[in-house]
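Heads up, the thing below is written out as structure tokens.
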Amino acid sequence: MTQGFSESDMNFEFEDDCLYRIEESSLLSKVNKRTDKTNSYSACECVVMINGDVTLIEAKTSAPHPNSKENFNEFIDKVASKFRDTMMVFHAARLRHPKEAMGSKLRGVNLETIGYRLILIIRKHENKWLPPVSDAVKYKLRPFLRLWNIKDTNIKVINGSIAKEENIIK
């Protein structure tokens, strides 16, 4: 059985047993309810099993141009924060919250050996605008990637066309 949802004007559809709608999770909601806004966690749209890897997906309609330094840096900071928070909440859900609603395949992965991928989809971005965003995300997440033993090549910044070609969106 599949589950579909829309985010940033994109339609996603994944198998139920492979999906964790972390942004809509009860755990994240409970934690953030008890915390002031400046201390709350942010999360990606979902965590999903794709080709045997745990994949964190963040979706945006657009992004600032890299030349608009202030807005661009703020955008990159928020995206990086979402990836870090999502990883933390996902692992907390797996290890400490067994009743959290999560697909059985995600619930059953071996956290010691599983591979991770982080995908940022910017629906309206032109192909030539993607590399600077990718470089900035990788740079911002470098210590996080080392900590989790995630290769730079497992971070992807793509647009809506590429996401459709790769069957990530419908």
Of all pairs that satisfy side-chain hydrogen bond (donor to acceptor under 3.5 Å, both in side chains), the ones with a partner from residues 135-145, not counting sequence neighbours: D77-K140, R142-D152

Side-chain (R21) to main-chain (F5) donor-acceptor, under 3.5 angstrom: no

Contact list for residues 121-134, test side-chain hydrogen bond (donor to acceptor under 3.5 Å, both in side chains), sequence neighbours left out: D9-R123, N127-N159

Validation row: N154, W148 side chains within 4.5 angstrom (heavy atoms): no

From CD (E45) to CZ (F12), nearest 0.5 Å: 6.5 Å

Nearest non-hydrogen partners of M102 and A93, listed with the distance: CE-CB, 3.8 Å

Minimum side-chain heavy-atom gap I155-V137 below 4.5 Å: yes

E166/K156 salt bridge by N-O under 4.0 Å criterion: yes

Any donor-acceptor pair under 3.5 Å from R117 side chain to T153 backbone: no

Minimal non-hydrogen separation, F144 against F83, with atom names: CZ-O, 4.1 Å

Main-chain N/O of S42 paired with D85 side-chain donor or acceptor, under 3.5 Å: yes

Check against side chain to side chain contact (heavy atoms under 4.5 Å, CB included), R84 and S81: CA-CA 5 Å; R84 287 189 301 262; S81 181; 4.0 Å; yes

Atom pair OG/NZ of S161 and K164 - distance to nearest 0.5 Å: 8.0 Å

Gap separating the CG atom of L27 from the CD1 atom of I22, nearest 0.5 angstrom: 8.0 Å

Close side-chain approach of I150 and M87, heavy atoms under 4.5 Å: yes

side-chain hydrogen bond (donor to acceptor under 3.5 Å, both in side chains) pairs, two or more places apart, involving residues 56-65: E58-K60, E58-K82

Worked check of side chain to side chain contact (heavy atoms under 4.5 Å, CB included) between I169 and N11: CA-CA 5 Å; I169 62 172; N11 296 315; 5.9 Å; no

From CA spacing to verdict: side chain to side chain contact (heavy atoms under 4.5 Å, CB included), M49, V109: CA-CA 9 Å; M49 291 291 295; V109 298; 3.6 Å; yes

Rounded distance [0.5 Å steps], CD1 in I50 versus CG in L56: 10.0 Å

Inter-residue atom distance L118.CG - L141.CG, 0.5 Å rounding: 6.5 Å

N110 (side chain) donor-acceptor with E112 (main chain) under 3.5 angstrom: yes

Nearest heavy atoms of A59 and M10, plus distance in Å: CB-CE, 3.6 Å

Side-chain heavy-atom pair I76, V133 within 4.5 angstrom cut-off: yes

Check: H91 ring centre within less than 6.0 Å of Y116 ring centre: yes

Side chain S25, main chain L28, donor-acceptor under 3.5 Å: yes

Sidechain-backbone polar pair: R107 side chain, E100 backbone, donor-acceptor under 3.5 Å: yes

Exercise: identify the closest heavy-atom pair between I57 and C44: O-CB, 3.1 Å

Side-chain donor or acceptor of T2 paired with backbone N/O of F14 under 3.5 Å: no

Side chain to side chain contact (heavy atoms under 4.5 Å, CB included) between Y20 and V48, intermediate numbers included: CA-CA 6 Å; Y20 179 32; V48 63; over 6 Å; no

Spacing of OG belonging to S40 relative to NZ belonging to K33, to within rounding of 0.5 Å: 13.5 Å

Residue pair F72 / P64: nearest heavy atoms and the distance that separates them: CD1-O, 3.5 Å

Heavy-atom side-chain contact between L130 and I162 under 4.5 Å: yes

Sole candidate of V54, L19, I114 that passes side-chain contact (heavy atoms from CB on, under 4.5 Å) when paired with L106: V54

